[in-house]
Amino acid sequence: MNSDTKQALLQKIRDKLGDDLHEVYEEYQYPLLRINRERLHETCRFMKEELHFIYLNDVLGTDRFTSVDRFEVIYHMISLRDQQRFFLKVFVDEEDPVLPTVTDLWTSANWNEREVYDMFGIRFKGHPDLRRIFLPEDFKYFPLRKEFPLLGVPGSLELPSSTPDHD
Amino acid sequence: MPSMELDQNISRKRPTFFPQHQEAIYKSLEDKHATVEVDKSDPLATRMILNMGPQHPATHGVLRVLMELDGETITKCRLDTGYLHRGIEKMAENKTYQEFMPYTDRMDYLSPYSNNVALCLAVERIAKIECPERANYIRMIGCELARISSHLLWLGTMIMDAGAISFFIWTFREREKLYDIFDEVAGHRFTVSHSRIGGINNELTPVAVEKIQKFLREFPKELEGWHKLLDRNRIFVDRNNGVGQIDHENAIASGLAGPSLRATGIAYDVRKFEPYMHYDQIDFEVPTRTEGDNLARYYCRMEEMAESIRIIEQCFKKMPKKGPVRVDDAKKSYPSKDEVYYSMEGLIHDFMMTDTGVCPPAGAEAYHAIEAPKGELGFYIQSDGTGHPWRMKIKSPSFSNLQGLETILDGEMVADTVVIIGGMDPVMGDSDK
């Protein structure tokens with residue numbers, strides 16, 4: 001983890017985004033950049049094609065439980081060439097939780113975006129196969145939202161019948 | 001003719017359990033590579049959809065594979081995961097950091113020690129706690145033993161999937177020795193929970209050191225014997241060579257992790273990439289191959305076990321002979337049992353640690369990854385200043401590997417499915433969280 005390389009990369013992103021780079025958080029080892037949601041796909045393409053962040057490690061969602069910009073989605077990417085790990089963060093509204101997909105850039109975003117959809121109900125526009133990944137489609141709640149109770153909602157999932165269902 | 005009608009009735013019958021889920025996954029299989037054209041006029045060319053799992057012994061847990069077959073070739077497949085989803089990320093938000101640690105034992109249940117250490121390192125980073133040097137070395141020894149234990153299970157089951165049963169018994173004999181070591185080190189054979197935030201629970205006993213040294217002496221000979229038996233074994237090589245192949249570009253694109261990624265020629269190992277604990281002071285190699293098939297994964301894992309032995313030997317040489325194994329600061333870590341039983345402050349601090357625990361600053365966000373046996377295992381923690389994490393995201397290696405498996409299985413033979421799943425070594429507890 002070379003900090004000169006890190007600063008050089010950060011400078012390139014600053015030059016590229018200008019005011020759309022809202023916040024740079026460097027308290028712990030890895031930089032966390034909060035950017036304008038409108039420029040997410042463009043920035044991801046820039047990160048991948050110009051800055052060589054070819055390995056998307058993870059996509060994760062968070063519920064901030066605020067009235068505006070309730071959710072955030074964090075993209076966790078690695079540059080194997082420069083040995084850097086960067087985090088890119090965008091805010092998502094509760095009213096219209098839609099983001100552009102990045103599966104066209106990194107195939108590996110497929111399952112990670114499905115997981116974010118499953119847990120928070122954030123939809124990804126242009127995703128090739130946006131289904132729930134852990135929970136069945138018949139489940140109507142998003143369990144990692146803060147209002148979802150820890151013990152679950154009684155009756156939300158059908159239990160298998162105790163008698164065999166073949167005739 | 002009546003039997004034909006019956007067949008049609010069966011195929012038209014709607015699934016009764018989770019109907020929407022079943023329909024969605026069949027629809028998704030239909031949509032995958034939608035350009036493939038199938039001639040429906042010839043009855044012999046009819047596609048067949050085969051469900052494998054979730055209750056299938058070769059899927060190593062509860063993985064469901066939905067395959068569309070053309071003869072014996074898989075034209076496309078979909079994986080259905082989540083049968084072991086316990087929602088541990090939700091549970092983490094309602095537990096203190098230390099309380100959550102036993103749950104990590106049950107994620108990748110083949111290498112619980114690494115999971116404990118991964119959680120502790122992440123919490124130590126976000127709460128800015130320095131762990132004593134000796135504790136870190138003991139953790140490294142535990143992690144490498146866990147790696148050997150996990151790879152041993154992979155070796156046994158993968159070769160059993162390929163048809164040789166006796167190997168399973170031999171690797172489990174070695175695993176039994178590792179269980180005995182963990183029993184002596186941590187007090188538990190399987191779910192160890194030995195690590196603590198700010199150190200480890202207890203010092204290695206002389207018996208434990210003796211047992212580990214004995215294992216270090218004996219295990220390389222076993223490994224050599226297995227190499228002799230397998231490396232040039234015609235049946236084994238034919239069964240694995242060129243099976244489940246993926247090139248390095250696709251491996252990076254589909255986000256493979258750990259030995260599966262290294263078998264394609266990408267030397268990405270977190271121990272070298274950003275050394276944690278004291279891996280920067282240890283001399284070891286990262287085994288890589290370039291073929292990217294099942295045989296390459298076999299060689300990578302076998303060499304990793306030999307490297308782990310080297311690492312443990314060096315750890316014993318380099319670790320300080322004496323010293324604390326836990327931070328001596330009651331605001332950051334549990335006090336020792338002596339203090340708890342014989343002083344009032346110790347008792348209060350023990351209560352505070354159990355009740356509230358470590359409180360990282362409000363608004364802090366940190367990530368820490370380790371190289372678990374199956375790949376990069378990372379914890380992303382967001383804190384709101386209380387003793388509970390606001391959000392804890394677990395980046396699990398098996399999840400990434402299973403996603404790659406969906407790509408790898410396309411175009412393979414149906415009989416190779418179990419070998420490929422065995423070679424990728426997914427653990428559903430890790431993937432489904």
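Side chains are part of it too, since the values below use all heavy atoms of this structure and drop only hydrogens, waters and symmetry mates. All chains are named by letter (A, B, ...) in the order of the sequence lines, taking the proteins before the strands, and each is independently numbered beginning at 1.
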Should we count NZ of A/Lys140 as having more than 12 external heavy atoms under 6.0 Å?
yes
What part of A/Phe134 is in contact with chain B, defined as an atom under 4.5 angstrom from a non-hydrogen atom: side chain, backbone, both or neither?
both
Of the backbone (N, CA, C, O) and the side chain (C-beta and beyond), which part of B/Asn94 lies under 4.5 Å from a heavy atom of chain A, both, or neither?
side chain
Answer yes or no: does atom CD of A/Glu95 have more than 12 heavy-atom neighbours from other residues, nucleotides or ligands under 6.0 Å?
no
Option that, when pairs with chain A are counted at under 4.5 Å, heavy atom only, ranks first among B/Glu376, B/Lys433, B/Glu89:
B/Glu376
Can you find a heavy atom in the side chain of A/Leu80 that is under 4.5 Å from one in the side chain of B/Ile252?
yes
Which atom names give the shortest non-hydrogen contact between A/Asp129 and B/Ser28, and what distance separates them?
OD2-OG, 3.2 Å
Out of A/Ile78, A/Leu56, A/Leu157, return the one with the most heavy atom pairs under 4.5 angstrom to chain B.
A/Ile78
Does any backbone or side-chain atom of B/Ala267 lie under 4.5 Å from a heavy atom of chain A? Answer side chain, backbone, both or neither.
neither
Given heavy-atom pairs under 4.5 angstrom as the criterion, report whether the side chain, backbone, both or neither of A/Lys89 touches chain B.
side chain
Verdict with supporting geometry, B/Leu261 and A/Tyr55, side chain to side chain contact (heavy atoms under 4.5 Å, CB included)
CA-CA 11 Å; B/Leu261 181 64; A/Tyr55 187 49; 4.1 Å; yes
Atom group of B/His85 that falls short of 4.5 Å from chain A, counting heavy atoms
side chain
Rounded to the nearest 0.5 Å, what separation is found between the CG atom of A/Asn112 and the NZ atom of B/Lys395?
8.0 Å
Should B/Glu365 and A/Tyr30 count as side-chain neighbours, where that means a heavy-atom distance under 4.5 Å?
no
Side chains of B/Ile381 and A/Tyr28: closer than 4.5 Å at any heavy-atom pair?
no
Can you say whether A/Phe148 sits under 4.5 Å from chain B via the side chain, the backbone, both, or neither, judging by heavy atoms?
both
From the list A/Leu105, A/Leu60, A/Ile54, the residue making the most non-hydrogen contacts under 4.5 Å with chain B is A/Leu60
Would you check, one step at a time, whether the test side chain to side chain contact (heavy atoms under 4.5 Å, CB included) holds for B/Arg391 with A/Glu72?
CA-CA 11 Å; B/Arg391 168 88 168 103; A/Glu72 61 191 26; over 6 Å; no
With a 4.5 Å heavy-atom cut-off, do B/Gln20 and A/Arg132 have their side chains touching?
no
Pair count under 4.5 Å, heavy atoms only, with chain B: among A/Pro128, A/Gly152, A/Gly61, highest is A/Gly61
Counting only non-hydrogen atoms closer than 4.5 Å, does B/Lys393 touch chain A with its backbone (N, CA, C, O), its side chain (CB onward), both, or neither?
side chain
Scanning both residues in full, the closest heavy-atom pair of B/Ser254 with A/Ser108 reads C-CB, 3.5 Å
Neighbour count >12 (heavy atoms, 6.0 Å) for atom CD, B/Glu130:
no
So does B/His248 have more than 12 non-hydrogen atoms from other groups sitting under 6.0 Å from NE2?
no
By a 4.5 Å heavy-atom criterion (distance strictly below it), what part of A/Leu32 contacts chain B: side chain, backbone, both, or neither?
side chain
Toward chain A, the part of B/Gln22 with a non-hydrogen atom under 4.5 Å
neither
Looking at every heavy atom in both A/Tyr25 and B/Gly363, which two are closest together, and how far apart are they?
OH-O, 3.7 Å
Where along residues 396-403 of chain B does a heavy atom come under 4.5 Å of chain A, listed by residue number?
B/Phe399, B/Leu402, B/Gln403
With side chain to side chain contact (heavy atoms under 4.5 Å, CB included) as the test, would you mind laying out the steps for A/Glu27 and B/Lys128 before giving the verdict?
CA-CA 11 Å; A/Glu27 180 72 25; B/Lys128 301 200 166 130; 2.6 Å; yes
Set out, in order, the CA-CA distance, both residues' side-chain angles and the distance that settles side chain to side chain contact (heavy atoms under 4.5 Å, CB included) for A/Glu137 and B/Glu23, then state yes or no.
CA-CA 9 Å; A/Glu137 292 289 312; B/Glu23 265 166 33; over 6 Å; no
Side chain, backbone, both or neither: which part of A/Asp118 has a non-hydrogen atom closer than 4.5 Å to chain B?
neither
What part of B/Ile126 gets closer than 4.5 Å to chain A, counting heavy atoms only: side chain, backbone, both or neither?
both
Shortest non-hydrogen separation from A/Asp138 to B/His21 and the atoms involved
OD1-N, 3.0 Å
Aromatic ring centroids of A/His76 and B/Tyr367 under 6.0 Å?
yes
Please identify, among B/Gly82, B/Ala253, B/Gly378, B/Ala366, the residue contributing the most non-hydrogen atom pairs under 4.5 Å to chain A.
B/Ala253
Are any non-hydrogen side-chain atoms of A/Lys146 and B/Glu93 less than 4.5 angstrom apart?
yes
Top contributor to chain B contacts, counting heavy-atom pairs under 4.5 Å, from A/Met119, A/Arg64, A/Arg131:
A/Arg131
Looking at B/Lys90 and A/Pro149, would you say the former's side chain and the latter's main chain have a donor-acceptor pair under 3.5 Å?
no
